[in-house]
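Proteins come first, then strands; the chains are lettered A, B, ... in the order of their sequence lines, and each starts at number 1.
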Amino acid sequence: MKRRGALFRFAVGVPLIGALIAGALFVPIYREAVSHIRTELRTSVERDSWDLEVEFHEGGIEALKAAIAKRTERDLDPRAIYGLRDGADIIAGNVRNWPLTRKGDAWRQFDLTDGNAEGQIVRLFGGRELLVARRSPLQTFDQHLATQLALAVLAVFALSFGATLLMSRRLRQRVRRLGRAADAIRHGDLTRRLELSPARDEIDGLAERFNQTFADLERTVDGMKQVGGHLAHDLRRPLQGLKRRLESLLQRAPDRATENALIECIHELDELLETFSALLRLGKLEAGGYALHRERIDLGKIVGDAIEFLAPLAEQTGRRLLQEIVSVPYDGDRHLWFQLAQNLIGNAIAHGRGDIEVRLDAEEFSVRDYGPNLDVGTLLQMGQPYFRADRARSTPGIGIGMALARAIAEAHGGEMLCENANTGLRVRVRLKAAESKR
Amino acid sequence: MRLLIVEDDRHTREFVERALREAGHTVDAVGDGRQGLILATSEPFELLILDRMLPNVDGLTIVRTLRASNIDTPVLILSALGDVDDRVAGLRAGGDDYLVKPFALSELLARIDVLGRRPRGAAAASSEPMHLRVADIELDRLKRTVRRGARKIDLQPKEFQLLEYLMRHSGQVITRTMLLEGVWDYHFDPKTNVIDVHISNLRGKVDHAGEPPLIHTVRGVGYRFGIDAA
């Protein structure tokens, strides 16, 4: 699924805001322009009207008519409208019908048969009326302006959308690259670092700080690994000496009883070493210091191998290992998965009762037995290191097997759950954890 | 066999050296990585036993250097680092076998025996016989059948592999871990007694009453396959 997160919102949101700002800036400019045009218009009409009144006063009605005729004939201003009315008759001018006034008294807006106009009507001496007006430029101006505004807003939106899309795509690519590197680090490749771009911007600054953290982490884990290694070395050496001595004693054992006792001792020593290496492995897995050897594997095959390996043990006690397994292609560490399957099945053989059911499908691997139920507290604690359920106390085995299984499941991005199966224990390993921890 | 041991821990080195001499091998032993590398590249050894953590030049570097200069003397790596990823790293570097400290002497001797007899390089692939025969038992790898004298033995697939491994190394002592790695091909910490159960099942099918036993238990060590009961 494609994730449309913050970057997508950014790519849409920024142009939207840009377009809104462009629109908002347009309104006062528009108002200013309209008022400016009105003033110009009014001045021109008033001056014209005054000139005509002067003509009337100086030369009477005929002079006025001539002046109007001169103006309309010469067509000085194609927008200019004149009219002279005597009663109901229009005696001069270029209006065919006396226009209806729309509003105002001194300054009026007129509805003409072909559009509208703005101007004034002056009542002359003798009852005649003089109309001087201009076809309103505001109508076309409004239309032009609306188109311009729409185009501008569209352009702002398109340009900034393109720019932010480009930016957010590059950003997303970088975030993805960083995410991949972080994933690799999380999966144990502690030497990996986040890639820095040549830009050396804030993201690089952040990445650099993360890299420093990773370097610290690597040093710590290395230190831990070394401690682990040294611990293994130091603790194993005395055990090694002990085992060697037991072995040479075994070769010179005087009788069968001593021989048996020595073999018993060697077995116990082996178990001690086993616990020890399981602990080291658990520690490493939990600290993320274990480099998973991931490859394409078939979980069905591995679980089948584990069942085949352990079946004789179950048969010894007259129990059956029932299986329902399908082939599940999976990227994982085959040795670790074998260990996981072996631990869970082995646990059911050692501590459970009745038949053992092993199931595997594309989502889940589960092992159940028909032993007694466990209380909730016990179930919750299962899979914690050193924890042993009551029923396990009386039987040999190491409490760390379950913890190791859980750590292996989690190292592969899965999770392990224990539940009562009425009656018996069911351990479920979900191949993918329910909530992605990313 | 002429062997070289490179191990910085004096106790282990002397112990292994003495044990190998007693087993009839000619042994050179050094405690330093650089010295070890010089010896390994200049003298004709039949087997090298390298500790992984060595002063100056570490064990894995020695193996890589040898392999890079086309010296394919078998190498057994000894290490206190016993986890699967350590082991994979060791074998990837060019090691032939990997033994985790502390090891039982018998385990070391058994592995040296097997490594020393293993055919090397290209010869290894072509020399796998289709037919194995030990005493009166016959195993056909192609038809996947097993006969003991006139008696046909029915085996499960894993039992077949187990028998094949034992027959291939007949006369040699085979430890439980060698069986785990050789037959199951997983590196893990097994429940110790599982292998014994598998062997006992196989024994029930191979060695019937009245026949001379072929699968022998070597107490405290492992098993040996063959007619002589030592």
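A/H335 and B/D185 get closest at one heavy-atom pair: CE1-O, 3.8 Å.
Under a cut-off of 6.0 angstrom, the local environment of CZ in A/R320 is sparse, with at most 12 non-hydrogen atoms contributed by other residues, nucleotides or ligands. Heavy atoms from other residues, nucleotides or ligands lying under 6.0 Å from CZ of B/R10 number 12 at most. For CZ of B/R34, the number of neighbouring non-hydrogen atoms (other residues, nucleotides, ligands) closer than 6.0 Å is 12 at most.
Within the 4.5 angstrom heavy-atom criterion, no atom of A/I266 approaches chain B. For A/I302, the parts sitting under 4.5 Å from any heavy atom of chain B are the backbone and the side chain alike. Of the atoms belonging to B/R92, it is side-chain heavy atoms, and not backbone ones, that fall under 4.5 Å from chain A.
Listed options A/N260, A/L246, A/L262, A/L250 were ranked by heavy-atom pairs under 4.5 angstrom with chain B; first place goes to A/N260.
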Which atom pairs, one a donor and one an acceptor, fall under 3.5 Å between side chains of residues 307-318 of chain A and the rest of the protein, sequence neighbours left out?
| unit_1 | atom_1 | unit_2 | atom_2 | d |
| --- | --- | --- | --- | --- |
| A/T317 | OG1 | A/A314 | O | 2.9 |

